[in-house]
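Indexing begins at 1, ligand by ligand and atom by atom, following the structure's order.
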Amino acid sequence: MAKIWETKAGAGVDPFIDEFLSSVQADSRLLREDLEGSLAHAAMLGRTGIIPEATAAALAGGLSELAALARAGSLAVDPGAEDVHSFVEAELTRRLGDAGRSLHAGRSRNDQVALDLRLWMRRASGEVSATILDAIDALCALASRGLTAVMPGYTHMQRAQAVTFAHHLLAWCAALERDHGRFADAEARADECPLGACALAGTGLPIDRELCARELGFARPSRNSMDAVADRDAAVEFASCAATLLMHLSRFCEEIVLWASSEFGFVRVGPSCSTGSSVMPQKRNPDPAELIRGKSGRAYGSLVALLVMQKGLPLAYDRDLQEDKALVFEAGDTALSCLRAFCLLVASLEPQAGRMRDAAESGCLWAADAAEFLVSRGIPFRTAYAAGRALVEAWVRAAEGGGFGRNPAIAGVIAALGEAGLAGLHPAWAGVSPGELVPYLSLEACIARRDLVGGPAPARTASEIGRLAAFTKSERGRTRDRV
Ligand code: ARG
């Protein structure tokens with residue numbers, strides 16, 4: 001296929017270099033966007049009188065026909081084309097003759113490709129955002145089944161304090177809600193139409209940039225023609241949103257893998273999302289969780305490559321920028337496929353409340369509450385902390401041969417100590433009766449007292465689930481309004 005810029009067909013470019021320079025394999029995915037942008041451009045050319053209305057109408061007809069074929073999947077992009085933009089122009093010219101040759105007035109492939117990529121990212125960002133909402137809904141559905149399921153919360157991977165399964169899942173939702181906001185922020189900043197920047201300096205023809213921007217659903221034309229064709233910070237932001245999202249999904253999946261292990265046993269991964277082993281018939285492996293964790297690196301790779309690609313580039317367009325598309329597609333595809341798998345994975349989880357509760361019963365998760373018990377009676381925190389520690393030490397002595405078994409309930413240990421034994425542990429315990437202390441330290445009581453904004457008390461988590469449900473509903477409504 002002759003190049004659109006070639007004066008003499010076949011003049012000069014080495015066949016390997018020709019293939020090396022081609023971007024069609026990656027950018028044929030922009031076919032739909034390229035046709036959409038070309039339709040708006042052609043209409044503008046007619047409206048401004050740059051080309052006759054009849055020519056504009058012919059272009060509109062030809063482009064719509066190509067768009068219909070593309071939608072039906074029956075427009076094959078010529079793999080010999082230099083890029084999708086050259087292909088569309090050549091195909092149009094093949095069908096329309098001279099009218100096709102009028103399309104490229106007042107634009108360049110440089111503003112065209114910048115536009116196409118923005119259109120693609122806008123759509124992808126919408127899909128990813130909607131799927132983030134699905135993930136939040138799936139997590140909330142699971143959380144509502146675990147409002148009172150006590151489980152250990154960890155720091156340093158050591159059992160620390162009691163939380164609920166719901167509260168832990170809502171922590172994931174909090175991160176996903178910010179991911180959703182990040183995509184929206186990036187979209188708002190990318191909401192400028194590069195069309196009309198042309199090669200780098202705009203055009204002397206009387207084009208109407210506002211018209212094109214409006215037609216394509218952008219807030220405004222981009223503010224500087226050189227920046228419009230040279231900068232790919234919108235791609236960096238898109239990849240960065242995807243990278244942060246995948247970092248989150250990867251962490252959550254790591255927890256699912258741990259929880260599904262025999263060591264934890266907090267969840268079972270349902271048959272729809274687990275696989276067996278070809279060798280060990282007893283196994284159910286949480287493969288989707290592992291693969292999401294494994295794929296997160298792809299988005300980080302795209303982000304870093306997009307940054308490095310641009311860091312040394314003089315303004316305006318340089319061919320290096322052609323690398324942007326494959327990287328953006330990789331980030332978008334990874335985000336979307338991992339999110340979809342994550343939604344299914346979450347829906348398949350079967351929480352094992354008994355195992356969670358058992359784990360929460362050991363590890364002295366009540367220790368900080370023992371100190372708080374004393375603080376609430378006017379003891380300074382440091383003193384209360386020391387008294388709490390003395391109680392933990394008494395528990396350890398009981399566990400190590402006090403005849404209580406290896407994991408004694410604190411209630412039994414305190415009862416055996418009695419009021420005098422308790423006071424003997426530390427002066428701050430003087431006057432405290434076991435009858436007051438024991439119920440204070442039950443895991444349910446510890447959780448119920450944490451009835452604070454952002455806390456694990458069941459009433460708080462229930463209302464947070466309600467807030468999230470309203471959030472996903474209103475965000476879905478907003479997206480529908482915009483489309
Ligand atoms: N295939 C090119 C890209 O993706 C399109 C722009 C080409 N512009 C140019 N002046 N060679 O960046």
Check ligand 1 for close polar pairs with the protein: N or O on both sides, less than 3.5 Å.
| residue | atom | partner | partner atom | Å |
| --- | --- | --- | --- | --- |
| ligand 1 | 1 (N) | Ser23 | OG | 3.1 |
| ligand 1 | 1 (N) | Asp83 | OD2 | 3.0 |
| ligand 1 | 1 (N) | Gln322 | OE1 | 2.9 |
| ligand 1 | 4 (O) | Lys325 | NZ | 2.6 |
| ligand 1 | 8 (N) | Asn110 | OD1 | 2.9 |
| ligand 1 | 10 (N) | Asn110 | OD1 | 3.3 |
| ligand 1 | 12 (O) | Tyr317 | OH | 2.4 |

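- For the pair Arg122 and Phe218, the cation sits on the ring face: its NZ or CZ lies under 6.0 Å from the ring centre, inside 45° of the axis.
- When the salt bridge (charged side-chain N to carboxylate O under 4.0 Å, His left out) test is applied to Asp134, the partners found at least two apart in sequence or on another chain are Arg476.
- The side chain to side chain donor-acceptor pair (under 3.5 Å) pairs that include a residue from residues 63-77 are Glu65-Arg95, where partners are two or more places apart or lie in different chains.
- Arg467 meets the salt bridge (charged side-chain N to carboxylate O under 4.0 Å, His left out) test with Glu177, Glu464; sequence neighbours excluded.
- Ring-plane geometry between Trp172 and Phe252 is classed as parallel, the angle between the planes falling under 30 degrees on a 0 to 90 degree scale with a further cut at 60.
- The aromatic rings of Phe238 and Trp120 sit perpendicular to each other, their planes meeting at more than 60°, with 30° as the lower class boundary.
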